[in-house]
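Take a look at the structure below.
Throughout, protein chains are lettered first and strands after them, A, B, ... in sequence-line order, and every chain is numbered starting at 1.
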Number of protein chains: 2
Amino acid sequence: MPKCIQNSLSDQVYTMLKDQILSGQLKGGMKIPEESLAEQFGVSRTPIREAIRRLAEYGLVTIKPRSHATVSVITEQEANDIARVRVTLEQLAIDSIDETSYSRNVKELSRYAADCQYAMGIGDRATVFEQDSLFHLALVRSSGNSALISICERLDAKIQQLRIAQNLPEDELSYYLGQHAQMMTLLKNGDKEACKRLLYEHITHDLTSHVGSLDA
Amino acid sequence: MPKCIQNSLSDQVYTMLKDQILSGQLKGGMKIPEESLAEQFGVSRTPIREAIRRLAEYGLVTIKPRSHATVSVITEQEANDIARVRVTLEQLAIDSIDETSYSRNVKELSRYAADCQYAMGIGDRATVFEQDSLFHLALVRSSGNSALISICERLDAKIQQLRIAQNLPEDELSYYLGQHAQMMTLLKNGDKEACKRLLYEHITHDLTSHVGSLDA
DNA sequence: GTATTGTGTACTGTATACAATATAGATATC
DNA sequence: GATATCTATATTGTATACAGTACACAATAC
């Protein structure tokens, strides 16, 4: 269910392409010529170009000048690098949260955590990942730091791509999702240090072991 | 002196517009209609559009749908937020640097530090800021973390805008520039903690006091 | 059989043309 | 005189057309 905020064709195409990439419909390494996409979406090349270029800024596609754009592939090294940065950024978010901003967001956070668990229960992985993203973004938003928020929102697409590529087994995924609620408890109790340690485990857990076959 | 890596018109326009914004020639809040830019640069609207959209991704211009794009203005809050994130990211870079990667980059770093000081001596503020940026980016690159590097490179444009807006008095600027060499000494001695503390001061020094008159 | 060059095709990069919408100014109304 | 509404214009959003380049395949030379 693609959610198009703007109604310009560029934005619609952008959202749909992003969804197709993150859902794995468009796999890493695949060529995406502008003309065939234009045909597929029933629009001209102009909005396609703008969408592709935006996706390139987010690292989801790679543009080779005067040649095709391709869907980006994530390497193991890149996955580790992103995780490391992510931990650092979200730990900063935790440090920046004060009680009032937390209480303002606690309801939203717990809803995402719950929805995530529920989706896990019925085996709906797509929703699990979506709600997981929303939880972490809401956490970052609670920091109130606009620069931090925009960086994390930008990084989110890559993280989603990573989550899917990681392909964690059910039991592990379920275990790590439970940490959302734990983190909230720690935050409520004001124990930021413990929360940051848990976040570290939450994000960097046996990261490298499951990555692979992105361009199957 | 704009340095155009790619030779496509889009890239050239992008670089030139960026330079004009960072040099203050295009001031915050100014409208930038596509057509007049196209005339000014002697190209069609297409490459102009792509450049503007790219600048928007970097936060240097703000696009209001179906209306003019304007040069973004930095608020005091935003400046603080960016500084906070920047400290965190560059501290992560310092943590990630190992001896081999440092020794590979030490020459480059000291050159930037020296050039920065020299430019300060002859009162060439534009070069000071340029070399300052290069120093910090080289530091981040030494980390070898691709995700971190790309985030910092992306943030760099905003930081440059900020540096100019800050408009630090000569003596203070000169003082803080001296810290580049100090940080390198600490790194060489392996005292990362001290280096990170110094970096914190280096970046967050009386930040809010000088910001203002961006759209003079 | 392999390497090299030539040619055609397909795709991108850019320009131009048209459609749709927002802004500003003028007119009308209270 | 102030406010609201209408109209004209300017500017964006999108489509299309053309030019130039890169890639793939074939033909030739070694």
Could you check how far [atom1] of [X] sits from [atom2] of [N], rounded to whole Å?
| X | N | atom1 | atom2 | result |
| --- | --- | --- | --- | --- |
| Asp11(A) | dT12(D) | CG | P | 16 Å |
| Ile48(A) | dT14(D) | CD1 | P | 11 Å |
| Phe41(A) | dT14(D) | CZ | C1' | 16 Å |
| Leu37(B) | dT12(D) | CG | C1' | 13 Å |

Is Arg49(B) close enough to dG13(D) that one of its side-chain N or O atoms is under 4.0 Å from OP1 or OP2 there?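 Looking at the OP1 and OP2 atoms of dG13(D), one of them is under 4.0 Å from a side-chain N or O of Arg49(B).
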Does the side chain of Tyr112(A) pick up a donor-acceptor pair with the side chain of Glu108(A) at under 3.5 Å?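 Present: a donor and an acceptor within the cut-off.
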Pair Ser133(A)-Asp156(A), side-chain donor/acceptor within less than 3.5 Å: yes
Whichever of Glu34(A) and Thr46(B) has its nearest DNA chain C nucleotide further upstream toward 5':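 Looking at the nearest nucleotide for each, Glu34(A) comes out on the 5' side.
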Under 3.5 Å donor-acceptor, [X] side chain and [Y] backbone:
| X | Y | value |
| --- | --- | --- |
| Ser174(B) | Glu170(B) | no |
| Asn145(B) | Asp81(A) | yes |
| Gln161(B) | Ser72(B) | yes |
| Asn105(A) | Ser101(A) | yes |

Which nucleotide of DNA chain C is the first, and which the last, in the 5' to 3' direction, to come under 4.0 Å of a heavy atom belonging to chain A?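 Contacts span dC11(C) to dT14(C), reading 5' to 3'.
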Under 4.0 Å between a side-chain nitrogen and a carboxylate oxygen: does that hold for Glu50(A) and Arg53(B)? yes
Restricting to nitrogen or oxygen on both sides, can you table the protein-nucleotides 20-25 of chain D pairs closer than 3.5 Å?
from: dC23(D); atom 1: OP1; to: Lys64(A); atom 2: NZ; distance (Å): 3.3

So how far is it from Met16(A) CE to Gln25(A) CD, rounded to the nearest 0.5 Å?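 One gets 11.0 Å once the value is rounded to the nearest 0.5 Å.
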